[in-house]
Each structure stands twice: as C-alpha cells, then as structure tokens.
Amino acid sequence: MSVIGKAVEIAARYLPDAAADPLLESRGYIGQPRNRVDGPSKVTGAARFTAEYAPDSLAHAALVCSQIASGRVAAIDTTAAEAAPGVVLVVTHANAPRLKAPDMLDPPTGKGAAPSDLPILQDDRVYWNGQPVAVVIAETLEQAAHAASLITVDYAADTSRLSFDALKSAAEVPKDILGEPPEITIGDPDKALADASARVDEIYRTPWYNHNAIEPHATMAIWSDADRLTVYDSTQSLKRFSGSFERVFGLASGAVTVLAPFVGGGFGGKAALWHHSVICAAAARLAGRPVRLALTREQVYRDVGGRTLAEQRVALGAHGDGRLAALIHTGITATPDHARYAEQLTFPARHLYASENLFVGQKVVSLDTVANTWMRAPGESIGTFALESALDELAYALQLDPIELRRRNEPDKDPTKDTPYSSRHLVEAYARGAERFGWSGRSLTPRTQRDGEWLVGQGVATAYYPALRLPATARLTLHGDGTVEVSAAAHEMGMGTATVQIQHAAERLGLLIERVSFRYGDSSLPDSPLAGGSCQTISIVAAVHAAADRLHQELVRLARRADGGILADATVTNTQLRDGGLSRVDDPAKTMSLESILRAAGQDQIEVEASSSMPRESLKYSIASYGAQFCEVRVREDSGEVRIARWLGSFDCGRVLNPKTAASQLRGGIVMGIGMALTEETLFDERSGRIMNPSLSEYHIPVNLDVPYIDILMNDVADEHTPLGAHGVGEIGITGAAAAIANALYHATGKRVRSLPITLDKLL
Ligand code: MOS
C-alpha cells in the first residue's frame with residue numbers, strides 16, 4: 001500500500017481554477033437529477049440516528065432546566081432524585097468535573113463551536129430561562145425523567161432584561177458582523193432621501209423563531225478510558241465539535257471522535273455545540289459508562305437558540321424613473337451578552353441594488369435569553385423580508401411594475417464591495433420566472449382580482465444568499481478492484497451531500513458511478529468545513545478535484561513503470577482518466593485499467609489526500625446566489641384566511657450539480673419561508689423569559705395543506721470562479737419568500753402588513 005505524504009499535499013494548497021476545469025460545462029453525471037444514495041436506507045429505517053445507538057450498559061440522561069431568566073441557583077436538593085429507582089448519578093455544578101469553556105463558533109477563523117462563551121455547569125449562575133442546571137443519569141429514560149422531576153431548586157433571581165421594546169433604545173453597534181463592518185455609508189443618504197421624488201420609509205418587525213428539525217438534538221458519549229472519547233452527536237459541525245470536546249476536557253488533539261452518520265435536519269440549529277452535548281460527555285465520564293442525552297422537543301426550544309426577533313427600518317428614495325437615490329436599511333436585533341451574534345440582516349442591501357447613496361447599519365440589544373443562533377439564512381431571511389417589502393412599496397408609489405423597478409436598479413458591480421460580480425443573472429431569472437408564472441397579465445392595482453369569496457394577488461421578491469467556500473481536505477482511496485472511496489468529515493442532513501460528491505468524483509475520475517462511494521459523518525476523516533452557510537458542497541468539490549489531480553499524477557507515475565510500456569511516455573497532460581482507466585488523450589487505444597496499473601505496481605490500493613485553498617476568489621469578486629420568488633395568494637374576504645395558491649422560485653445559483661436535490665433544497669427553504677411569513681412565532685414571556693409555545697402543537701410550521709406545488713426554475717449558468725461553476729442552494733430558498741407573500745397579500749387585499757407572522761387578524 002502506498003500512502004502519498006499528506007504533508008506534501010497540504011503544502012500544495014490548491015486553488016481551483018474553475019474556468020480551466022474541463023468539467024465546468026460537462027454533461028456526464030454532473031447535472032443529472034439523481035436520486036439520493038442515502039434514500040433507501042432512510043425509507044427502510046436502516047439509517048441509524050444518534051439516539052438509536054444503544055451500546056452495552058448505556059445509561060440515560062434527563063435535564064433539569066432553570067425556571068428563572070437570570071440570577072443564581074441558591075440551593076438545589078437532589079436527595080430524593082438520588083434515592084429514586086434506577087438512578088446512577090445526579091450531576092450539578094457542585095460535582096461536575098472542571099471544564100474549560102469551549103471556543104465560540106466563529107466563521108471567519110473556522111474555529112470553535114460554542115454558541116456563547118459561558119462556562120457549562122461550573123457555577124451557580126443562571127443566564128437564561130431553560131439553562132440546564134442539573135442532569136440525572138439513570139438506567140432507563142423514564143427513571144431519569146422521573147428522578148429529574150424530584151429535584152427542587154431554589155433560585156435567587158436577578159432583575160432580568162427581557163423586553164426588547166423597553167431596551168431597544170439602548171441598542172449598540174456591534175464590533176463587526178461575521179467579520180464585516182457593522183455600518184457602511186456611501187454618499188449622503190439622508191439628504192438624498194429628503195430630496196427624492198418618491199419615497200418609502202417604514203419599520204418592519206419579525207418575531208423570535210425556533211428550530212424544528214425532524215430529529216431533535218441528541219448526544220451519546222462513550223469514554224474508552226480517561227483520555228479517549230467517542231461522541232455520537234446530531235451535529236452539522238463534526239470537526240469543530242471534536243476540537244471543542246478536546247478543549248473542554250483538556251484532551252490531546254485527536255483524542256475525541258465525533259460521529260454523525262446521519263442528521264435529521266439541522267438548518268443551523270445543530271452547527272453550535274449546545275450545553276447538553278458537553279453535559280452528556282461530562283456525565284458519562286462521572287458515571288463511567290456510556291450516556292445518551294436526547295433533548296425533548298420542548299428542550300430544543302429552551303436549550304437551543306433560534307432566530308432573534310428584529311425591528312428593521314428600510315427607507316428608499318427614488319428618482320421619477322425608479323432609479324434609487326437613497327437606500328437605507330438598518331435593524332436592531334437581540335442577543336445575550338454571552339453570544340453577541342448580530343444576525344446579518346443588512347447583508348442583502350449591501351449587494352443587491354445600485355443606489356447613489358446608501359447607509360446600512362445594525363445594532364444589538366442585550367437580553368437574558370438563550371444564545372440566538374444560525375437559523376436558515378440567518379439575517380438574510382428577515383433582511384430580505386424588510387428590503388423586498390419596501391421595494392414593493394416603492395413600486396406602488398412610483399406606479400411601476402415591481403420587476404421593472406428591480407431591473408432599473410440592477411448594479412453593474414457590487415455597490416459596497418466595489419468588485420465585479422463573479423456571475424449574476426438575476427434579471428434573467430426574473431424574466432424566465434415572469435414568463436413561466438404568467439406575470440405580464442397582472443393588474444398594478446391592489447384588490448382588483450377575485451374568485452368568489454377569495455381575493456387574489458400576486459407578489460414577487462428577490463432572493464439573495466452569498467456563495468461561500470471554505471478550505472477542505474478530501475481523501476481518495478483506489479482499491480484493487482477499481483472502485484474508489486471518497487472520504488471527508490462531511491455531513492448528510494438530507495440535502496444530497498453524498499449523492500452530489502459521488503456524481504462529481506465518478507465523472508472526474510472517469511468511473512461508472514456504481515464504482516464510487518463516499519464516506520462521511522466521522523470527525524476522524526479528512527478535515528471538512530461545517531455543513532453551514534450553504535458552503536459544504538462546493539468546499540468539498542474543490543478538495544475532491546485537488547485529490548483527483550493527485551491520484552491522476554500517482555497513476556501516471558505507476559503506469560510509466562509498468563511492464564509492456566503502453567503508457568511509458570504518459571504524463572499528466574497527455575493522459576486522462578476515462579472508462580475506468582488511464583488513456584492517452586491523442587491515442588485512446590493506449591490505455592490501462594486502474595486495476596492493471598495497481599497490479600503492475602504490486603499495490604493493493606492507492607490513497608491520496610489533498611486540500612483546497614483559502615477562498616481567495618471572494619476577495620476579487622462578489623459571489624452570491626440570486627433568485628426571484630413568485631407567489632400567488634388567495635385571501636377569504638370575510639375571515640382573512642390565507643392560502644398560498646401558487647409558487648414559482650426562479651433561481652440563479654450557478655451551475656446545478658443535481659437538479660433534483662437542488663430543487664428539493666430550494667423547495668425546503670421556501671416551505672420554511674411560508675412558515676416564517678404566516679404561522680411561525682415563538683411566544684416569549686417578557687415577565688419570566690420563558691418560551692410559552694415550545695411544541696409543534698403551538699408553534700405552527702407549515703404542513704402539506706399549507707404548501708402548494710412549488711415550481712422551481714434554475715438558470716444553470718456556470719460561475720467561472722467557483723468549483724464546477726456551482727453555488728450553494730441550502731439557504732437561499734427562504735430568502736425573499738416572506739416578502740413575496742407580504743407583497744402578494746397587499747396586491748390581493750390592499751393591506752400592507754409589515755410585521756410577521758401575517759396572521760388573519762392583521763388582514764381584516
Ligand atoms: Mo445554515 S443556518 O448555516 O445551517
């Protein structure tokens with residue numbers, strides 16, 4: 001067996017030159033609408049999720065969570081719990097092992113996983129209502145839950161900061177927003193707004209939202225000895241988790257393996273290392289046996305953060321022809337002192353429109369809550385609600401078609417970054433969408449279309465999400481039978497990760513797709529970024545491309561030495577990998593199968609690893625996905641009841657690697673956008689800091705009857721500056737969706753609703 005030196009590969013950091021990639025426009029496996037390779041294991045139940053693993057001597061954990069929003073645990077009585085049947089151990093801050101706080105999740109540095117910088121179970125402080133203050137370990141889950149109910153806690157409560165409205169005047173400008181400046185000014189937007197011939201200046205409100213992945217968070221921790229830990233965790237951040245556990249428990253690098261073979265949805269809620277995961281590992285260490293801690297649905301609301309509430313102002317001033325003279329987008333969001341995450345709601349306004357004068361700025365107010373966190377297109381989702389509602393309002397003020405208004409404000413370069421766009425075809429996405437949706441017949445006047453008791457309206461809004469890439473490493477193992485295994489510490493949350501990587505590797509290596517497999521879900525595999533920011537697919541594609549080039553080099557080296565001399569003059573440039581072999585480009589008859597190259601070299605396998613570069617392309621270009629959301633609503637005139645009647649999303653998200661899985665991602669985002677617009681809202685009790693509707697029966701996510709058939713169009717134009725010309729598709733679907741609905745509802749009813757969710761009372 002030959003393992004090519006990893007250090008050499010990683011030193012040769014690889015920047016994908018997408019424009020020179022022969023696969024940029026190829027039409028083999030890439031671009032095919034293939035079914036997900038993990039589909040059969042999921043529909044048959046063979047796929048196992050974290051809470052389904054049950055090793056010998058597994059014990060079960062149940063949390064006790066704080067009932068106050070801030071203060072101290074004055075006393076905690078665990079006697080009854082400790083005496084209860086089946087109880088192994090009760091852990092509180094009094095007996096928890098000493099743990100370092102994990103590093104915070106910080107996208108720019110690629111390190112850390114914690115949603116906040118709080119110590120976990122290390123002292124008596126309480127920072128939010130719902131914070132875990134004790135955990136019971138017992139033989140069965142029922143015994144643990146019963147014993148947890150016997151624990152009594154006396155609290156010394158502080159005065160808590162819980163009212164956004166009362167505290168928003170004290171909001172402060174954060175240091176930065178994901179590494180970007182919190183404020184940007186171009187020209188004199190206030191003056192331009194005052195002088196504009198048409199003007200919109202409104203406030204938009206959005207509530208707290210919570211994560212509801214189908215699989216609630218779960219962790220199982222197994223210590224094999226004092227310094228070696230295996231954790232099964234429903235995470236979208238394998239490597240950040242393993243590194244964080246090592247730091248928290250003071251273990252050597254590589255001492256912790258995190259496994260997440262399947263994840264039942266994450267949407268950002270599983271990117272961060274929430275307290276329960278660390279508590280589970282600490283409890284397993286004290287108990288000296290494996291422990292599983294599965295959050296209840298209610299605990300997911302209390303212990304895992306969601307989307308912040310927000311108040312945004314959008315002010316637009318236009319010339320008579322619709323060109324923007326002023327664009328002002330500001331917003332206030334909430335975050336606790338221990339998280340300080342300002343969700344990037346002004347990011348779309350930084351990149352979408354040409355305006356002569358511009359101001360974007362964000363502030364945050366400190367509240368005593370669980371850490372807010374990433375939730376599908378954090379910032380952009382609610383930011384586009386405000387911005388794209390305001391654009392629609394401006395279109396009515398100007399008596400201009402809203403698509404035409406956007407076309408007139410299409411910039412020729414990025415307005416705040418001052419760089420060219422790598423690939424932007426939003427106008428085309430609107431044109432194709434308008435054609436397919438039948439937009440041209442729409443009346444400009446609201447409340448003019450009806451069908452019996454139903455008022456009918458159509459709305460559009462722009463979708464926007466950056467196309468990010470992070471450095472990644474991939475390994476390729478060529479086996480003696482000519483099959484190839486691709487491996488990386490990647491995540492499969494149902495989006496098609498494995499399927500698309502197999503499509504790419506098979507085409508890149510000239511193999512039948514059945515001969516390629518993908519290993520993922522294990523932090524001990526080569527480094528891969530978290531599945532977040534819609535960046536996983538292209539990040540790994542770049543690494544697989546680099547590794548495939550290394551494998552090609554290695555095969556050339558071995559083929560030149562093989563007996564018979566068919567490929568004695570082979571070089572990387574005069575050969576290619578195709579049809580399961582290495583062949584001369586100028587004379588395809590000169591070929592050796594991959595198996596025969598291995599045999600001739602006397603090797604049973606070749607393993608290569610390579611890494612992609614830092615995303616330097618994002619310094620030179622503004623790289624993003626775009627979309628045009630088209631929606632038709634029907635509103636019952638007497639009751640205000642809303643139906644989403646039709647939907648078309650027309651997207652410009654680079655080249656499409658798998659139209660089936662991509663459309664599924666986009667549809668999922670739109671469904672989440674329908675929930676955000678119409679039914680979802682976390683009810684937060686400002687007296688106690690307690691979430692009042694922590695269940696799927698009271699927090700209404702869309703169900704099948706709420707969602708029409710969602711038609712998806714994709715431009716499918718390759719971006720020459722991204723791997724395979726592709727962009728991410730995971731998050732853009734939710735952006736613009738709520739605005740398209742609000743705009744359609746205005747068109748149907750003549751009522752402009754600027755606060756989500758748009759419940760029927762707001763339409764009457
Ligand atoms: Mo996404 S909110 O980064 O999973």
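Residues take their numbers from the sequence shown, with the count starting at 1. Counting starts at 1 for both ligands and their atoms, in listed order.
Listed by chain and number, the residues in a side chain to side chain donor-acceptor pair (under 3.5 Å) with Lys660 are Asn35 (sequence neighbours excluded). Every residue two or more places apart in sequence or in another chain that forms a side chain to side chain donor-acceptor pair (under 3.5 Å) with Gln629 is listed here: Trp647. With sequence neighbours left out, the side chain to side chain donor-acceptor pair (under 3.5 Å) criterion links Tyr127 to no other residue.
In summary, the side chains of Gln503 and Asn658 do present a donor paired with an acceptor at a separation below 3.5 Å, with no hydrogens or angles considered. Defined by atom type and a distance below 3.5 Å, a donor-acceptor pair is present between the side-chain atoms of His727 and Asp719.
With respect to the salt-bridge test (charged N to carboxylate O, under 4.0 angstrom), the residues Arg240 and Asp103 do not qualify.
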May I have a table of the N/O to N/O pairs between ligand 1 and the protein that fall below 3.5 Å, each row giving the two atom names and the distance to 0.1 Å?
{"unit_1": "ligand 1", "atom_1": "3 (O)", "unit_2": "Gly533", "atom_2": "N", "d": "2.6"}
{"unit_1": "ligand 1", "atom_1": "3 (O)", "unit_2": "Glu731", "atom_2": "OE2", "d": "3.2"}
{"unit_1": "ligand 1", "atom_1": "4 (O)", "unit_2": "Gln236", "atom_2": "NE2", "d": "3.0"}
{"unit_1": "ligand 1", "atom_1": "4 (O)", "unit_2": "Gly268", "atom_2": "N", "d": "2.8"}

